[in-house]
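Numbered from 1 within each chain, the chains take letters A, B, ... in sequence-line order. Values in this document were obtained by computation on a predicted structure and should not be read as measured data.
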Amino acid sequence: NAGVTQTPKFQVLKTGQSMTLQCAQDMNHEYMSWYRQDPGMGLRLIHYSVGAGITDQGEVPNGYNVSRSTTEDFPLRLLSAAPSQTSVYFCASQALILDTQYFGPGTRLTVL
Amino acid sequence: AQSVTQLDSQVPVFEEAPVELRCNYSSSVSVYLFWYVQYPNQGLQLLLKYLSGSTLVKGINGFEAEFNKSQTSFHLRKPSVHISDTAEYFCAVAGGTSYGKLTFGQGTILTVHP
């Protein structure tokens, strides 16, 4: 059981480039989330999914897209990277509403 | 809307001393409260949660927290800390209408000195 996996671990982009952060879980969890972590600001929810085909915006969705075609995968797309998107990104999954969230190891993204 | 305020950004303590990390929340509906811990260069893991029932919640690694509705607080305590407790701690709230989406506080860095 690998839990929640994220790739890549580190990424450097130039302003305007696009990329996809990958997230996968093998626990058959319905709920999945993407957060960004910035110093002194805690974790802020970007996008959220309650099941395959269903996504919702979180607190800071601008500049990011998501889709959920399978239960296992929840990729996060940066459409046109900006320096303000330099952050550490965490994916999380949970089995039920209000259940424990299981976090991946994170992706550290730098946008130059 | 819901929000969380962690009152201390950094808490230094000596090993074997007690510690309290403070968390206040606001929500217009019933709340569900969580404490997560993040060790350096890792993701977060759940310490404990309050959903209903007893207001004193016990978690892993000897931590406990008390839900106080009148003070809108959910402070985290440990009677005797270890060096290995050095980490960042996050309080989080999920409100009744948020469908389980968590709002996190800013984090408190606990540093345990020998």
- Is it the case that more than 12 heavy atoms not belonging to B:E20 sit under 6.0 Å from its CD atom? yes
- Item | Among the listed options A:G106, A:G40, A:P39, A:C91, the residue most often paired with chain B at heavy-atom distances under 4.5 Å | A:G40
- Message: Hydrophobic clusters here meaning ILVMFWY residues chained together by side-chain heavy-atom distances under 4.5 Å, can you tell me if A:L43 and B:I109 are in one?
- Response: no
- Message: Is B:L44 close to chain A through its backbone or its side chain, or both, or neither, when contacts mean heavy atoms under 4.5 Å?
- Response: both
- Message: Rounded at 0.5 Å granularity, tell me how far OG1 in A:T100 sits from CZ in B:F34.
- Response: 7.5 Å
- Near B:Y25 OH, under 6.0 Å, is it more than 12 heavy atoms from other residues, nucleotides or ligands? yes
- Are B:L21 and B:V37 co-members of a hydrophobic cluster defined by side-chain heavy atoms under 4.5 Å apart? yes
- Inter-chain contacts: residues 66-82 of chain B against chain A, heavy atoms under 4.5 Å: none
- Message: For B:L102 versus A:Y35, what's the shortest heavy-atom pair and its separation?
- Response: CB-OH, 3.8 Å
- Hydrophobic cluster identity match, B:V13 and B:L47, side-chain contacts under 4.5 Å: yes
- Task: Verify the cluster assignment for A:V12 and A:L78: are they in a single hydrophobic cluster under the rule of side-chain heavy atoms below 4.5 Å apart?
- Result: no
- Closest approach of A:F90 to B:Q38 (non-hydrogen atoms, all atoms of both residues): CZ-NE2, 3.3 Å
- Task: Would you check, one step at a time, whether the test side-chain contact (heavy atoms from CB on, under 4.5 Å) holds for B:Y36 with A:Q101?
- Result: CA-CA 9 Å; B:Y36 281 82; A:Q101 288 201 12; 3.3 Å; yes
- Query: What is the distance from atom CG of A:L45 to atom OG1 of B:T103, rounded to the nearest 0.5 Å?
  - Reply: 8.0 Å
- Task: Taking the side chain as every heavy atom from C-beta outward, state whether A:D38 and B:Q106 have any pair of such atoms under 4.5 Å apart.
- Result: no
- Contact winner vs chain B - A:Q37, A:R44, A:R108, heavy-atom pairs under 4.5 Å: A:Q37
- Between B:Q6 and chain A, which part of the residue has a heavy atom less than 4.5 Å away: side chain, backbone, both or neither? neither
- Query: If you round to the nearest 0.5 Å, how far is NZ of B:K101 from CD of A:E59?
  - Reply: 10.5 Å
- Is there a chain of hydrophobic side chains (I, L, V, M, F, W, Y, each step under 4.5 Å between heavy atoms) that links A:Y31 to A:Y64? no
